[in-house]
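Worksheet: the structure to be examined is printed underneath.
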Amino acid sequence: MAEPIILFFIFGVLAGLMKAELRLPSQIYDFVSTLLLITIGLKGGIELAKQPFLSLLPQIVAVFLMGVLIPLLAFPVLKLLGKFSRADAASIAAHYGSVSVGTFAVAIAFMGTNNIYFEEYMALLLVILEIPAIIVGIVLAKGLSKQTQWGEVAHEIFTGKGILLLLGGLFIGWIAGEEALGSIKPLFFDLFKGILALFLLEMGIIAASKLGALRQYGFFLLIFGITMPLVSAVIGIGVGLLLELSIGGTAMIAILAASASYIAVPAAMRLSLPEANPTLSLTASLGITFPFNVLIGISLYYELAVIAHQYFGA
Amino acid sequence: MAEPIILFFIFGVLAGLMKAELRLPSQIYDFVSTLLLITIGLKGGIELAKQPFLSLLPQIVAVFLMGVLIPLLAFPVLKLLGKFSRADAASIAAHYGSVSVGTFAVAIAFMGTNNIYFEEYMALLLVILEIPAIIVGIVLAKGLSKQTQWGEVAHEIFTGKGILLLLGGLFIGWIAGEEALGSIKPLFFDLFKGILALFLLEMGIIAASKLGALRQYGFFLLIFGITMPLVSAVIGIGVGLLLELSIGGTAMIAILAASASYIAVPAAMRLSLPEANPTLSLTASLGITFPFNVLIGISLYYELAVIAHQYFGA
Amino acid sequence: MAEPIILFFIFGVLAGLMKAELRLPSQIYDFVSTLLLITIGLKGGIELAKQPFLSLLPQIVAVFLMGVLIPLLAFPVLKLLGKFSRADAASIAAHYGSVSVGTFAVAIAFMGTNNIYFEEYMALLLVILEIPAIIVGIVLAKGLSKQTQWGEVAHEIFTGKGILLLLGGLFIGWIAGEEALGSIKPLFFDLFKGILALFLLEMGIIAASKLGALRQYGFFLLIFGITMPLVSAVIGIGVGLLLELSIGGTAMIAILAASASYIAVPAAMRLSLPEANPTLSLTASLGITFPFNVLIGISLYYELAVIAHQYFGA
Amino acid sequence: MQANNKTLITIVTEASLENKLSKELDDFGVHGYTITDARGKGARGLRSGDWDVESNIRIEVICSELIARELMNLLQERYYDNFAMITYSHEVFVLRPEKF
Amino acid sequence: MQANNKTLITIVTEASLENKLSKELDDFGVHGYTITDARGKGARGLRSGDWDVESNIRIEVICSELIARELMNLLQERYYDNFAMITYSHEVFVLRPEKF
Amino acid sequence: MQANNKTLITIVTEASLENKLSKELDDFGVHGYTITDARGKGARGLRSGDWDVESNIRIEVICSELIARELMNLLQERYYDNFAMITYSHEVFVLRPEKF
Ligand SMILES: Nc1ncnc2c1ncn2[C@@H]1O[C@H](COP(=O)(O)O)[C@@H](O)[C@H]1O
Ligand SMILES: Nc1ncnc2c1ncn2[C@@H]1O[C@H](COP(=O)(O)O)[C@@H](O)[C@H]1O
Ligand SMILES: Nc1ncnc2c1ncn2[C@@H]1O[C@H](COP(=O)(O)O)[C@@H](O)[C@H]1O
Ligand code: NA
Ligand code: NA
Ligand code: NA
């Protein structure tokens, strides 16, 4: 808890609740998140360079299937219990099937602070996991109608800032390799946690601004925003065990599963499923699930991974 | 004088006088000052963690009283000698009773370069000293009228970017402690002087833009902008001796006393005392006192502190 | 080729061609290029401090004359072969007679990565070389007409962001000296390559956006944009040999000669020679010559310098 | 004024008033507003936009003519004396007049 | 409408629509447009401009009255239901009416 | 034109002209202006706002109708041939007409 980046997040939330004029200019938010995305990509790419790509195929397939499964689980709950419209249920389900890069960054920092090993190619799985939930979400809302312009959807996904910067970082890290990256490490690697602190400060302010909407949309969203990541985390731990990952790696898959998107998916849904109300999904993913994961979830899922490895580990 | 950050300031002033198109975008100014404020807060917070908070009570009270005293001294001078309106005199007095974080940052750099020890909890005193002068200024202008919405004033002060980032940094530094902050040091601590250099470049440009207004508002403001900090510095040295601070700490109190606000107080005065002309106070504090303190004042006050310690020190 | 900063450039070009929404906010572009310009200036200034300024007179004169010669060579080619209007030919010639700071920064990185020594005062020559081509360009277009407001032109050149930041950095580096700059090194020196990577990412996107215009303006511009730097590089190598520079220094002069301006000259031409079409010169310098130099030119000119030194070197 | 016409008021003023004016507009009952960052020059001198203290904002509000007049008068009364501020208005055609 | 008068449409909407609307405008055959970044408040709540997802843009298009009406109707049909968007228009005087 | 009405001119042009046009406006004797950053598309192609060289600014000036016409003509004469620039104008209602 004395982890300073978490304190920055809490500080941001408090400042947001006080309606303080603390927000960074949006251009700085952009800069800071660009740096984080590239760094995460580079870190993953360095690892990819160390092993044959094909050896990762099982992980890729498993994570892809997980990304299909989670929104399929979430959708009926949202539609039947939450009484959301078809489009809204599909859109929220897509957010929870996909991932949050911010949560992933905090998880990297958590693993670093506690010296926990994890398979660094996680960054690749992060990219993979962004995608299936978007497709599932659209299909859930519209059926497999020919109306959906899949070409446009694909363009939107792959040219969106989030995925493209991750992919770019992955490729650069992969091609250049660890040694060559030494010269750009001071910016991308040494500053990583400081930049993450600024990012979390801003995210805290934005998260706080979502709490107002929460009152409006009520209790169900609050419960869903906490229960869903717990369920997904358990699925993620199962996947991690199946893939025979390390404890840290298992926890990482759980964290990926438990996190909910607030960049790539909102952008894609806005254009492919505009009738879904973006306030609903952002309130849940940013206002509830992100703080929950950052403050409690990450270390909880890690503990779960430890226990799971004791009982079911190889 | 070959201190590079000072050279950046001089370069900014020259560029400003040449009407060069050198200004950084305002968003970058924001970013850079955010980083400085957080860093100063963190540095102070680390120190606070090392000693019982209550042991600082004498320092806090003394500095608070100093913040009341200085505007009370400045006000009659401005009103009677300077012939300013009641509101203008009160507003300028409030600026000089409060502090400049930019000057404080340069002072930290000065102490660092010259390896001078000072009590690092100064950052806390910096925050404390921002506040009383604002209240005194409002009371000087309006009397203790019930009209003043003190709740709003307090909200304005404590949710202003300047004070809140300092306070946030203080708390984070205090709670996390020095060791835990190691991971964010590369951004906030290692880059401090470089960021300060960029900040001073921009401040130089802004200061130069105030020199035009100076011609308009005349000679009195120029004299006041240099004399007032000298008087305040002497008071500050007295306070430092009373509190039995180190030489560096005494100089720091003198610098705090001598510096004039250009962020927190202008913002507060704009809303609480709108009839005061902000150009007057900014011309004095940014156009005269800030350059004077940065170029001459800081080392001068340090020399004074050395001499004072020889004669009156414990 | 596995140099990561080059990979960032290629990534930017690809993202640009995909019409991805990757562009950094213009304020961040500004920030990043400000940092690069100051750093290059500081590096040069440190070197200047180490030797008597007058001993550089031959280099300064030679480079100045080279800056006059290159646009005089380019102009008739553009006018007669390229069939450009007088103003357009003069403007493009001025771009190629001047230099590109971005290319220079990549060259510094290249020399660093490959541990190649070069005379660090090159940054001074960079500044010198920016200027004559602008004057020659204006004279080529307008003749020595009294109409040209040379005072305004000079003001435009010397208060332009590019040259002023370089000059400021040079002076600060010169006056402060290497040791004093230690405290700001983490920002300006350690982050240099990372910041350059971000800059090249953005430049890649901008360069890609020029390729559309290329189709419109045709084949001649493409040929010119590759041939001209080759010719200039040979001239630069000649100058380097004449000045008895090291191999690295000779390559650096070749790179300076071969690079084409896209900041200082466009700004100056826009105001002094507004009838020239800026799209033409930017398409050539940014869309063709910059990528050519970054991807191929720099190492090619270095190879040429090595060979030249074998045959003609002292 | 035609059925589909409303009044657009533009306010150019100091950025430090953003929060206060947003609240003022909410209280005044207008249905929305749009804000952009600006810089400029006027009777109170150059406001360069270089830093918060010297930045302007430009607020646009579409509302009925009546509310527009009241709003302009209120702003004049409360702010013109002490703040860099101008307001101006003109008619605009809108598609959903009941919205504004 | 006088010979030198054209219609200026202003669209305030979500920043995420920038690419799509630019293409839409190109396809629609208008001769140009101007975009600025904005923030604001409306029926769909506060759009604070703090990050991309909650930012607005403000697009201005000068064109003939006819095209203006068509454009506004098209935007209403395609976007009003699902996006934070307002459009309004008024006449402006221009020097080269054939340009717009 | 009514007593309280003035003319608002808007100029959209290349950002590199900001200093020059500010001086031009000062010399021309207008009492103020407001500038915002912009991007756009027109006869001279896309001006993406990605970096200084390809950014636009949007300048607004409120003045008398007479000055407005003169200013527009002067801009046309001096800049239209060589710069990306459009200007347009319309009447606005202001509270202190003597100010503009
Ligand atoms: N005549 C004008 N035309 C356009 N904008 C103006 C004019 N006068 C003032 N402004 C804007 O309104 C702000 C405040 O004006 P003032 O209160 O006159 O200083 C200025 O900073 C400008 O941005
Ligand atoms: N009455 C209004 N006046 C000015 N701008 C408005 C108004 N209503 C809405 N807007 C702008 O249009 C955007 C979308 O509006 P809405 O679709 O009502 O949420 C808002 O975020 C505001 O920027
Ligand atoms: N029809 C139009 N409507 C709105 N803005 C325009 C229009 N045409 C041009 N512009 C703006 O004016 C700038 C210069 O126009 P141009 O000189 O036609 O390239 C463009 O970059 C746009 O920002
Ligand atoms: Na998930
Ligand atoms: Na003070
Ligand atoms: Na050249």
Side-chain angles (χ1 to χ4, degrees), chain A residues 24-39 41-42 45-46 49 151-152 154-192 194-195 263-264 267-268 270-271, chain C residues 1-36 39 105-106 108-115 184-202 204-205 208-209:
Chain A
L24 291 170
S26 66
Q27 293 85 351
I28 300 306
Y29 176 86
D30 236 43
F31 179 51
V32 156
S33 51
T34 297
L35 286 176
L36 291 184
L37 286 161
I38 294 176
T39 303
L42 289 174
I46 290 176
E152 222 179 69
H155 186 264
E156 184 57 31
I157 294 177
F158 288 107
T159 63
K161 198 164 195 161
I163 291 186
L164 201 56
L165 282 174
L166 281 173
L167 277 179
L170 271 171
F171 279 115
I172 292 172
W174 192 5
I175 298 174
E178 183 147 24
E179 219 190 286
L181 289 180
S183 63
I184 60 171
K185 272 193 174 170
L187 177 61
F188 293 105
F189 290 36
D190 298 352
L191 299 192
F192 179 68
I195 293 290
I263 296 181
R270 211 69 205 93
L271 295 183
Chain C
M1 253 306 281
E3 171 71 69
I5 56 171
I6 304 298
L7 295 173
F8 273 89
F9 181 70
I10 294 172
F11 173 43
V13 171
L14 294 176
L17 293 178
M18 287 169 66
K19 304 219 170 299
E21 300 183 45
L22 205 65
R23 57 170 200 230
L24 292 169
S26 65
Q27 293 85 351
I28 301 305
Y29 177 86
D30 235 45
F31 179 50
V32 156
S33 52
T34 297
L35 286 176
L36 291 184
T39 304
V106 178
I108 289 183
F110 174 85
M111 301 294 168
T113 305
N114 298 292
N115 281 312
I184 61 171
K185 273 194 173 171
L187 176 62
F188 293 106
F189 289 35
D190 297 353
L191 299 192
F192 179 68
K193 274 207 175 178
I195 293 291
L196 183 55
L198 288 180
F199 176 79
L200 287 173
L201 174 59
E202 181 74 11
I205 297 170
S209 76

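Here is how names work: the chains are called A, B, and so on, in the same order as the sequence lines, proteins then strands, and each is numbered from 1.
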Okay, S183(A) and chain C: the region with an atom under 4.5 Å from a heavy atom over there is both

Okay, L22(C) and chain A: the region with an atom under 4.5 Å from a heavy atom over there is both

With a cut-off of 6.0 Å (strictly less than), are more than 12 heavy atoms of other residues, nucleotides or ligands near CZ of F189(C)?
yes

Per side-chain contact (heavy atoms from CB on, under 4.5 Å), L187(A) is matched among D190(C), I195(C), L196(C) by I195(C)

Between the CG atom in L198(C) and the OG1 atom in T34(A), the distance rounded to the nearest 0.5 Å is 8.0 Å

Whatever's closer than 4.5 Å to a heavy atom in chain A on L201(C) counts as side chain

Cut-off 4.5 Å, heavy atoms of chain A, and the answer for E21(C) is both

Between I184(A) and A197(C), the two heavy atoms sitting closest are CG2-CB, 4.4 Å

In terms of heavy-atom pairs under 4.5 Å with chain A, the winner among T113(C), L191(C), L24(C) is L191(C)

Could you check whether the rings of F31(A) and F31(C) sit parallel, tilted or perpendicular, using 30° and 60° as the cut-offs?
-> perpendicular

Value for CZ (F11(C)) from CG (L164(A)), rounded to nearest 0.5 Å, stands at 4.0 Å

In L7(C), I5(C), I10(C), the residue satisfying side-chain contact (heavy atoms from CB on, under 4.5 Å) with I172(A) is L7(C)

Output for pair (I6(C) CD1, I175(A) CD1), nearest 0.5 Å, gives 13.0 Å

